[in-house]
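Everything below concerns the one structure shown next.
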Amino acid sequence: MSSFVPAQSDDLSIATIRALAADVVAKANSGHPGAPMGMAPVAHVLYSRFMNINPKNSHWFNRDRFVLSNGHACALQYVLLHLLGYKLSMDDLKAFRQLDSLTPGHPEAGHTDGIEVTTGPLGQGFGNGVGLAIAQAHLGAVFNKPGFDLINNFTYVFAGDGCLMEGVASEAASLAGHLQLGNLIVIYDDNHISIDGDTAVAFTENVEQRFSAYGWQVLHVDNGDSDLTAIYKAIAEAKLEKNKPTIIRLKTTIGFGSKQQGTHGVHGSPLKADDIQALKTKFGLPADQSFYVAPEIYNTYAEIGKRGASAEAQWNSLLESYGQKYPKEHSELIRRISGELPANWEQCLPVYKSSDPAQASRKLSEITLTSLAPVLPELLGGSADLTSSNLTKVKGSVDFQPPSTGLGNYAGTYIRYGVREHGMGAIANGIHAYGGIIPYVATFLNFVSYAAGAVRLSALSGHQVIWVATHDSIGLGEDGPTHQPIETAIHFRAMPNLAFWRPADGNETSAAYLVALKSKKTPSILSLSRQNLPNLEASTIEKAAKGGYVVHEVQGEDLTIVSAGSEVSIAIEAAAKLNAEGIKTRVVSLPCWFIFDKQPLEYRLSVLRSGAPILSLEALSTAGWSKYSHEQYGLPAWGASGPYQKVYEKFGITGSNIAVVGKKVVNFYKQRGGPVVSPLEKAFTI
């Protein structure tokens, strides 16, 4: 292990980071100066001695990944990005937390150059870090060859007390220990301060013992304020451990250098002007200058960039040689890095006829995954301990496991997440952020609610994570109200940039996968049934891929029934009864609101047209359906336990009863008189 060699610029660099963090927060009159000031030394040592990055090409594939899980230290990350020469100017620093700036209140991937993942909600970044480490281990196992260690980067995570209190971090840490991710290094800022004050009021566990029990290597630095040698040695030692992730407990003083250092007063409020001036004087900086950076500091950080550019050049040369010896693997790696899907992959999607046997949409999903796996090796799946129910493991696939366990290997394409839905979601975000992989994860739809925080960040960040969410309604039957999702669909349908699919048959299931796999910046939830569903006569992949279409057409209709998922076939049954009675009824399937809403207005109005009342039908909450229908039929409260057919009967979701309801709707609108305008047309007019 190499020794720490002090540089003349170390102290000035650390002082500059601390002062800039204080200035950034003071200028915005909002933010958290304390953690950035406390973590300035470890940040400087990490970047100046260890990180392999190239600010001139922030997307170099084998770069080290850095995750700021502690969102309270976001000013620190912006300061570092500026000093390193990323696309973040001093004016951007001064615009911290201002509207439309490159320095929003918390780091956002895709918004600010050099930010790997969106963090802010504590603990999410920790899970992302585990996902980034899994992705490196997997791709390294798939593509590395003797003499060609192409994919070997490290992932570094800065986490605070709040991150380690969050359950999502515990879930992710437990799995990381089991998976023996030696490429993951977490630096825990142990400053004993949270927003409520000293952590003694709520967080008194022994973190080192906890992580040791998880199977992590545990190191500690008792003086994170100034002992650069100890910080260096801890990180160097962490890199040597290949079979365990490492957490370094770094004891720091929050707001180091401030008059309020070590107190919660410096946690979430800007420092006063006289405090900032005194701090700068103490550190030998011009007290009368804000946002001051000495030229030698820019030079110091420019050298980090040069080191990274040289490392990238060497890597590119290695990649070129790899291509000469392994042309097939090279071509595949380049394709996956680019994010392009193989030519004609869509031809592998199953196509169904109405004469094909009825099957549960979870089974249809399994058939689709089985068809796609050979042509889309970038699919990395997994389930939260519900594999046999979710039907997400392709037959013959190998588990992603440490080779030493005998349970699989790192080239495996199926992750056993255990009962850790929230951790699974955060990890999947990190896997996608790495690149070259499309993760899909699975649980019951009701339990996606456990992971809502991670799903939200998927949507905000544009992570292409596919959720296979089975047992999606009262149709799951005997497990009863605790497992039957009622409000879950509208929660996720309301979420921006999230495609919530509820397919009604085989072609719609294939369409959901088609669109999900083409949507590079949008996560998807596939809401799938436990019970068998008939294949619809008029469904096609092409039609369903529009998010909504007419599945049973008549002209001069008296009623349109619009539905989704397992209730579409019930709507068709009801329409048949109504048509037999002379009440002309058409049926619309709306498997994905998000995709349907993106279609041209002319198309949407042709599907949900004016002229007759529209009745929605779904065995979930009716919330949200008024956007597409005049009247709504669904569940007014919780479900019930029993055989699913009996449960559907209990709530009147049968062809016979919906026919009765439909007749009442038609009579009501006829008696009321006047034109019946589509809700879509009314919304457009407004």
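All residue numbers refer to positions in the sequence shown, counting from 1.
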Taking only distance into account, with no hydrogens and no angle test, what donor-acceptor pairs under 3.5 Å do side-chain atoms of residues 432-439 form with protein atoms, sequence neighbours excluded?
{"residue": "H432", "atom": "ND1", "partner": "H463", "partner atom": "ND1", "Å": "3.3"}
{"residue": "H432", "atom": "ND1", "partner": "Q464", "partner atom": "N", "Å": "3.4"}
{"residue": "H432", "atom": "NE2", "partner": "Q464", "partner atom": "N", "Å": "3.4"}
{"residue": "Y434", "atom": "OH", "partner": "N153", "partner atom": "OD1", "Å": "2.5"}

Would you mind listing every salt bridge (charged side-chain N to carboxylate O under 4.0 Å, His left out) that reaches into residues 38-64, with sequence neighbours excluded?
D10-R49, R63-E116

T413 side, atom OG1; L379 side, atom CG - distance, nearest 0.5 Å:
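One finds 8.5 Å between OG1 of T413 and CG of L379.
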
Residue among N52, N54, N62 satisfying side chain to side chain donor-acceptor pair (under 3.5 Å) with E312:
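Single side chain to side chain donor-acceptor pair (under 3.5 Å) partner of E312 among N52, N54, N62: N54.
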
Run the salt-bridge test on [X] and [Y] with the 4.0 Å N-O cut-off and return the result as yes or no.
{"X": "E366", "Y": "K393", "result": "no"}
{"X": "R416", "Y": "D385", "result": "no"}
{"X": "E208", "Y": "R249", "result": "yes"}

With sequence neighbours left out, what residues match Y414 under ring-ring contact (aromatic ring centres under 6.0 Å, His included)?
none

Could you go through residues 211-222 and list every donor-acceptor pair under 3.5 Å that involves a side-chain atom there, pairing it with any protein atom two or more places apart or in another chain?
{"residue": "Y214", "atom": "OH", "partner": "R210", "partner atom": "NE", "Å": "3.4"}
{"residue": "W216", "atom": "NE1", "partner": "A173", "partner atom": "O", "Å": "2.9"}
{"residue": "Q217", "atom": "NE2", "partner": "T246", "partner atom": "OG1", "Å": "2.7"}

Sequence neighbours left out, what passes side-chain hydrogen bond (donor to acceptor under 3.5 Å, both in side chains) with S174? Give chain and number order.
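Checked S174 against side-chain hydrogen bond (donor to acceptor under 3.5 Å, both in side chains); matches are R420.
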
Mind checking side-chain hydrogen bond (donor to acceptor under 3.5 Å, both in side chains) for N497 and listing every partner two or more places apart, or none if nothing turns up?
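In terms of side-chain hydrogen bond (donor to acceptor under 3.5 Å, both in side chains), with neighbours along the sequence ignored, N497 is linked to T522.
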
So with a 6.0 Å cut-off around NZ of K239, is the heavy-atom count from everything else above 12?
yes

